[in-house]
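This report concerns only the one structure given below.
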Amino acid sequence: MSKISDQRRAEILQAALKEFSLRGIGGVSMSEIAARAGIGKSTIYEYFPSKTELFCASCRTKIQRVEEQFLSIFMQEIPFSRQYELYVEMMLGLAQEIDFNEVLHMFTDGSLTELKPVIEELGTDVTAMVEQAIRRAQATGELISDLDVDIIAACLLSLPNPHLIFRLRQLGKKDPVKAVVKLALRGIRAEDSQKAMQ
């Protein structure tokens with residue numbers, strides 16, 4: 001594809017994502033998406049043969065951006081504790097950006113079926129990134145070596161609860177992200193293990 005074609009495709013995806021978020025896949029026509037993108041409806045069909053394919057492609061684009069954020073965090077050469085802080089902060093940012101009315105409009109039973117493989121792939125990719133980061137932290141001595149990496153990764157990925165951070169902020173707790181990360185990593189950091197043995 002040429003730069004112009006790539007740009008046009010990106011504009012269509014952006015317009016589609018906005019329209020789908022406002023009214024869901026069933027409540028939006030290709031004409032409305034075309035109008036938002038400032039193009040003719042037939043141009044959309046040059047890029048996407050159906051509304052379902054356009055919906056899936058626009059959601060994949062959004063999911064890909066999230067995956068890139070994960071990658072930028074967990075592939076950095078910094079201590080795992082700092083990576084995890086950045087992850088918690090990223091999840092907080094995503095939670096603040098989410099408009100749950102938009103989510104309800106976008107994701108009907110049919111659309112979730114279409115996106116299930118994409119969402120599962122994201123979960124697999126993110127889990128692999130975190131597992132790799134944990135193994136690096138074990139190799140450097142930051143985390144204890146006898147961890148079940150699969151279980152630790154699953155626990156750490158499920159732990160960041162934006163409501164907990166928001167509540168701690170309301171209570172006036174200083175740096176609640178660091179406090180939550182410290183609690184989450186307690187017992188699996190090598191320094192905690194060494195202190196317990198003394």
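What you see is a predicted model, and the numbers here were worked out from it, not measured in a lab.
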field: Contacts of Thr61 that satisfy side chain to side chain donor-acceptor pair (under 3.5 Å) - sequence neighbours left out
entry: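 Thr61 satisfies side chain to side chain donor-acceptor pair (under 3.5 Å) with no residue once adjacent residues are dropped.
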task: Taking side chain to side chain donor-acceptor pair (under 3.5 Å) as the test, write out the residues that go with Gln170, two or more places apart.
output: Arg167
Is the shortest heavy-atom distance from the side chain of [X] to the side chain of [Y] under 4.5 Å?
| X | Y | answer |
| --- | --- | --- |
| Arg186 | Lys182 | yes |
| Phe48 | Leu13 | yes |
| Arg8 | Glu11 | yes |
| Gln132 | Arg135 | no |
| Met129 | Glu67 | yes |
| Ser5 | Arg9 | no |

statement: Sorted by chain and residue number, the side chain to side chain contact (heavy atoms under 4.5 Å, CB included) partners of Glu53 (sequence neighbours excluded) come out as Pro49, Ser50
- request: List for me each residue that meets side chain to side chain contact (heavy atoms under 4.5 Å, CB included) alongside Lys41, sequence neighbours excluded, and say none if there are none.
  value: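 Result, side chain to side chain contact (heavy atoms under 4.5 Å, CB included) vs Lys41: Met30, Ser31, Ala34, Tyr45.
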Would you give the length of the straight line joining atom [atom1] of [X] to atom [atom2] of [Y], rounded to the nearest 0.5 angstrom?
| X | Y | atom1 | atom2 | answer |
| --- | --- | --- | --- | --- |
| Leu92 | His163 | CG | NE2 | 10.0 Å |
| Ile12 | Leu17 | CD1 | CG | 13.5 Å |
| Glu19 | Ser29 | CD | OG | 8.0 Å |

Side chains of residues 70-82: which donor-acceptor pairs under 3.5 Å do they make with residues two or more places apart or in other chains?
residue : atom : partner : partner atom : Å
Ser72   : OG   : Gln69   : O            : 2.8
Gln76   : NE2  : Ser72   : O            : 2.9
Ser81   : OG   : Glu142  : OE2          : 3.3
Arg82   : NH1  : Glu85   : OE1          : 2.9

Please list, one pair per line, the donor and acceptor atoms closer than 3.5 Å that link side chains of residues 147-160 to other protein atoms, with sequence neighbours excluded.
residue : atom : partner : partner atom : Å
Asp148  : OD1  : Asp150  : N            : 3.2
Asp148  : OD1  : Ile151  : N            : 3.4
Ser158  : OG   : Ala154  : O            : 3.1
Ser158  : OG   : Cys155  : O            : 3.0

- request: Taking atom NZ of Lys51 as the centre, report whether more than 12 heavy atoms of other residues, nucleotides or ligands fall under 6.0 Å from it.
  value: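 Above 12, so yes.
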- prompt: Which atom names give the shortest non-hydrogen contact between Ala190 and Ile144, and what distance separates them?
  reply: CA-CG2, 3.7 Å
Taking every non-hydrogen atom, the tightest pair across Arg36 and Ala15: CD-O, 3.5 Å
- request: Could you state whether Met90 and Phe166 fall into the same hydrophobic cluster, counting links through intermediate Ile, Leu, Val, Met, Phe, Trp or Tyr residues with side-chain heavy atoms under 4.5 angstrom apart?
  value: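 Looking at the clustering, Phe166 is in the same group as Met90.
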